[in-house]
Amino acid sequence: MISKQILMESTHTAPPEVRGPRVLQFELFSSCIDSGFWSALTRKKLDVYGLDETAKSIHGYYSIGSAAFLPCFMNVDHASFEATPSTDSHTYPLHGKLQNFNTIEKFRDSDKQLITDGEANELWNLIMSGEALVNPSLLSRFTLLSFVDLKKYIYSYWFLFPALVYPDALVHETEPRPIQEAFTGEEISHITNFVAKLPKEQNAFLIAHDADGAMEILLIRDLPLIVKDNRKVTLCVCDPSVRADNPGWTVRNVLAMFAYHVRSSPEYRRVQLVCFRQRFRDGLRDVSHSLVLDLRIVFTPNQTMGQTLIPKAVGWERTEKGKLGSRHVNLSAQMDPKKLAEQAVDLNLKLMRWRLVPELDLPLIQRTKCLILGSGTLGCNVARCLMGWGIFDLTFVDNSVVSFSNPVRQSLFSFSDCLDGGKEKSIAAVEAVQRIFPGVCATAHQMNIPMPGHPISESMRGKVDETITLLEALIEKNDVVFLLMDTRESRWLPTLIGASKRKVCKINYFLFEISIWASGTDKPVTSISISLRRSL
């Protein structure tokens, strides 16, 4: 009898060399948690779950198209809380439970054995009832225990990927070999096309072989019929592992189900297993790393006579050090809403560079400081555009207040800014951009810029000198100056100072056409057109 201790162990490394038959090992899942999952869990805890500690249904997914150097990942993200799992051409769903505890003590002291036994009972019932034959993805399961420290944004968690210890053992009859050594190219193409058309809940299927060499691909629910007809069968499972010697964790429960349904048929105690894997290379589907294993199923006498006891289950994830225990992640920096906003904006800019302008120098753009002279229609829209491109060091200058006619044209202002005589435009603009994006570095200055042809009284000379000194300092400090005032006279002095300091000065005219139409006519009553000009 093969040792139960060896059977119950799961490892990421190849088994040591032993004498006698080599027991089949399985690669345990490695959890891969997107930060969006923790953000969604935080919202659920605050808005939905409250103090409720009962288990909630969630879902994850795994891929059968991972790169050769990656472990057997199980993924959860923000979409894990949605009612329907979202998968693509090479991912398959995992059915999960989330049990979130209110205190770290409850999380730490939860009865792990009771949870494991409960999962074993559910898996065994799915197999015995035949429900898993109809929907084999029900055997791909996980349980997530968690505690969320909402004050410090520290998340404690522990995954269980339950797998039944059944049958007594699965033994290699031969060494694993690639799929092309067991099937012809035409047969592999047939299998690949069949998998592409399978619903995602069908992550396992069968190949029935006739005496004349013909093969028929069938759903796994046809297993009892195949056994009844005494046809040779190959079990195929969509495998998340990329190892050259062992299948992934989802294969284990499918093999347990297969063994249960053939336990009373000695001729099926030797089974060929196809671990189906695929990846895309140069736009083409590649399944050459799929494995074929020839296995011998070893039962105990009780198992062949109809086992009544529920098998044990294993599958608790280990820490990074290889020990059984929970994991912890500190997202205090990332979970700050301001930090999340900064990360989202940064990602958006990088996507624009990656997809549209690879040569775009984002660090240079983000270091650019802009002085916006004039906080009206042009100033508001230029500021929004600059923020959209990652420029967040803005200085607003204006000399007026927000009036009731401004908010409909000037996008940074609202009706409340017009009350009580109107808020100073530069200050209102700064407050608006900070509401839009808290990471912006914006300052405001109210000033009347001296203009040629406008006499200055003796009493105003001191104030004008201070204004010119401040204006020179602002132009010196910033890299780009936007001259967005209403009149040419008001732009004259900043242009002169900017030229003397070799600064980039931009003058923008946003011009438009308005047509007013009368009801029931096909011609405009009046049209106002202004040509677009832009000077640098």
Undergrad: Are K501 and E472 close enough for a salt bridge, meaning some N to O gap below 4.0 Å?
TA: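 No salt bridge links K501 with E472.
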Undergrad: Whether E122 and K97 form a salt bridge (side-chain N of Lys/Arg under 4.0 Å from carboxylate O of Asp/Glu) is what I want to check.
TA: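 Judged by the 4.0 Å cut-off on N to carboxylate O distance, K97 and E122 do form a salt bridge.
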Undergrad: So, F37 versus F81, ring centres under 6.0 angstrom or not?
TA: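 Between F81 and F37, which both carry aromatic rings, the centre distance is below 6.0 Å.
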Undergrad: So, K112 and S110: side-chain donor and acceptor under 3.5 Å apart, yes or no?
TA: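 Distance-only check passes for K112 and S110.
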Undergrad: List the steps and the verdict of side-chain contact (heavy atoms from CB on, under 4.5 Å) for H289 and R279.
TA: CA-CA 9 Å; H289 58 304; R279 62 170 67 107; 3.4 Å; yes
Undergrad: Nearest 0.5 Å, please: how far is CG in N193 from CG in L198?
TA: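 With rounding to 0.5 Å, CG (L198) is 11.0 Å from CG (N193).
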Undergrad: Look at atom NZ of K45 and say whether more than 12 heavy atoms of other residues, nucleotides or ligands are closer to it than 6.0 Å.
TA: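 Yes, the 6.0 Å shell around NZ holds more than 12 heavy atoms from other groups.
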Undergrad: Between R491 and T487, do the side chains contain a donor N or O and an acceptor N or O under 3.5 Å apart?
TA: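 Not at all, the side chains of T487 and R491 share no donor-acceptor pair under 3.5 Å.
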Undergrad: Looking at the rings of W38 and Y157, which for Trp means the six-membered one, are their centres under 6.0 Å apart?
TA: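 Yes.
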Undergrad: For a quick test of reading the model, state the closest non-hydrogen atom pair linking Q99 to I115 and the distance between them.
TA: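 That closest heavy-atom pairing would be OE1-CD1, 4.4 Å.
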Undergrad: Using the side chain to side chain donor-acceptor pair (under 3.5 Å) rule, collect all pairs that involve residues 443-458, keeping only residues at least two apart or in two chains.
TA: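 Only T395-T443, N399-N448, S426-Q446, S457-S459, E458-R461 qualify under side chain to side chain donor-acceptor pair (under 3.5 Å).
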Undergrad: Can you name the nearest heavy-atom pair linking T467 to P450, along with the distance?
TA: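 Shortest heavy-atom contact: CG2-CD, 4.1 Å.
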Undergrad: How are the rings of Y62 and Y92 set relative to one another: parallel (under 30°), tilted (30 to 60°) or perpendicular (over 60°)?
TA: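 Rings of Y62 and Y92: parallel, under 30°.
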Undergrad: With a 3.5 Å cut-off and no angle check, do the side chains of N246 and R243 form a donor-acceptor pair?
TA: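 Note: N246 and R243 side chains meet the donor-acceptor criterion.
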Undergrad: Is the centre of the F29 ring less than 6.0 Å from the centre of the F73 ring?
TA: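 Here the rings of F73 and F29 have centres that are no less than 6.0 Å from each other.
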Undergrad: Does any donor atom in the side chain of N203 or S140 lie under 3.5 Å from an acceptor atom in the other side chain?
TA: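 Side-chain D/A pair, N203 to S140: present.
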Undergrad: Which distance, rounded to the nearest 0.5 Å, do you find between the SG of C72 and the CE of M74?
TA: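 These two atoms lie 11.0 Å from each other.
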Undergrad: Step by step, would you call M387 with I436 a side-chain contact (heavy atoms from CB on, under 4.5 Å)?
TA: CA-CA 10 Å; M387 292 172 65; I436 294 168; 4.0 Å; yes
Undergrad: Please collect all salt bridge (charged side-chain N to carboxylate O under 4.0 Å, His left out) contacts where either partner lies in residues 415-429, sequence neighbours excluded, each pair once.
TA: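 Sorted pair list: D417-K423, K423-E431.
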Undergrad: Count the heavy atoms belonging to other residues, nucleotides or ligands that lie under 6.0 Å from CG of D52, then report whether that count exceeds 12.
TA: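 More than 12 within 6.0 Å, yes.
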Undergrad: Search all heavy atoms of P240 against all heavy atoms of T250 and return the closest pair with its distance.
TA: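 Reported closest heavy-atom pair: CD-OG1, 3.3 Å.
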Undergrad: Taking everything shown except R409 itself, do over 12 heavy atoms lie less than 6.0 Å from its CZ?
TA: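 Count over threshold, so yes.
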Undergrad: Under 3.5 Å, sequence neighbours excluded: what are the donor-acceptor pairs made by side chains of residues 359-368?
TA:
unit_1: D361; atom_1: OD1; unit_2: L364; atom_2: N; d: 3.3
unit_1: T368; atom_1: OG1; unit_2: L364; atom_2: O; d: 2.9
unit_1: T368; atom_1: OG1; unit_2: I365; atom_2: O; d: 3.3

Undergrad: With distance as the sole criterion, is a donor-acceptor pair present between the side chains of H328 and S156 under 3.5 Å?
TA: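 There is such a pair (donor and acceptor under 3.5 Å, judged by atom type) between the side chains of H328 and S156.
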Undergrad: Measuring from E27:CD to S241:OG, what's the distance to the nearest 0.5 Å?
TA: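 These two atoms lie 4.0 Å from each other.
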Undergrad: In Å and rounded to the nearest 0.5 Å, what is the CZ to CZ distance from R384 to F437?
TA: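 With rounding to 0.5 Å, CZ (R384) is 12.5 Å from CZ (F437).
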Undergrad: In terms of relative ring orientation, are F161 and F159 parallel, tilted or perpendicular, with 30° and 60° separating the classes?
TA: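 It falls in the parallel class, under 30°.
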Undergrad: Starting at CD1 of I497, measure out to CD1 of I475 and round the result to the nearest 0.5 Å.
TA: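 The CD1 atom of I475 is 4.5 Å from CD1 of I497, to the nearest 0.5 Å.
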Undergrad: Between atom CG of L371 and atom CG of L483, what is the distance when rounded to the nearest 0.5 Å?
TA: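 Here the interatomic distance stands at 8.5 Å.
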Undergrad: Strictly below 4.0 Å, N to O, side chains only: are R277 and D239 in salt-bridge contact?
TA: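 Salt bridge between R277 and D239, a charged N being under 4.0 Å from a carboxylate O: yes.
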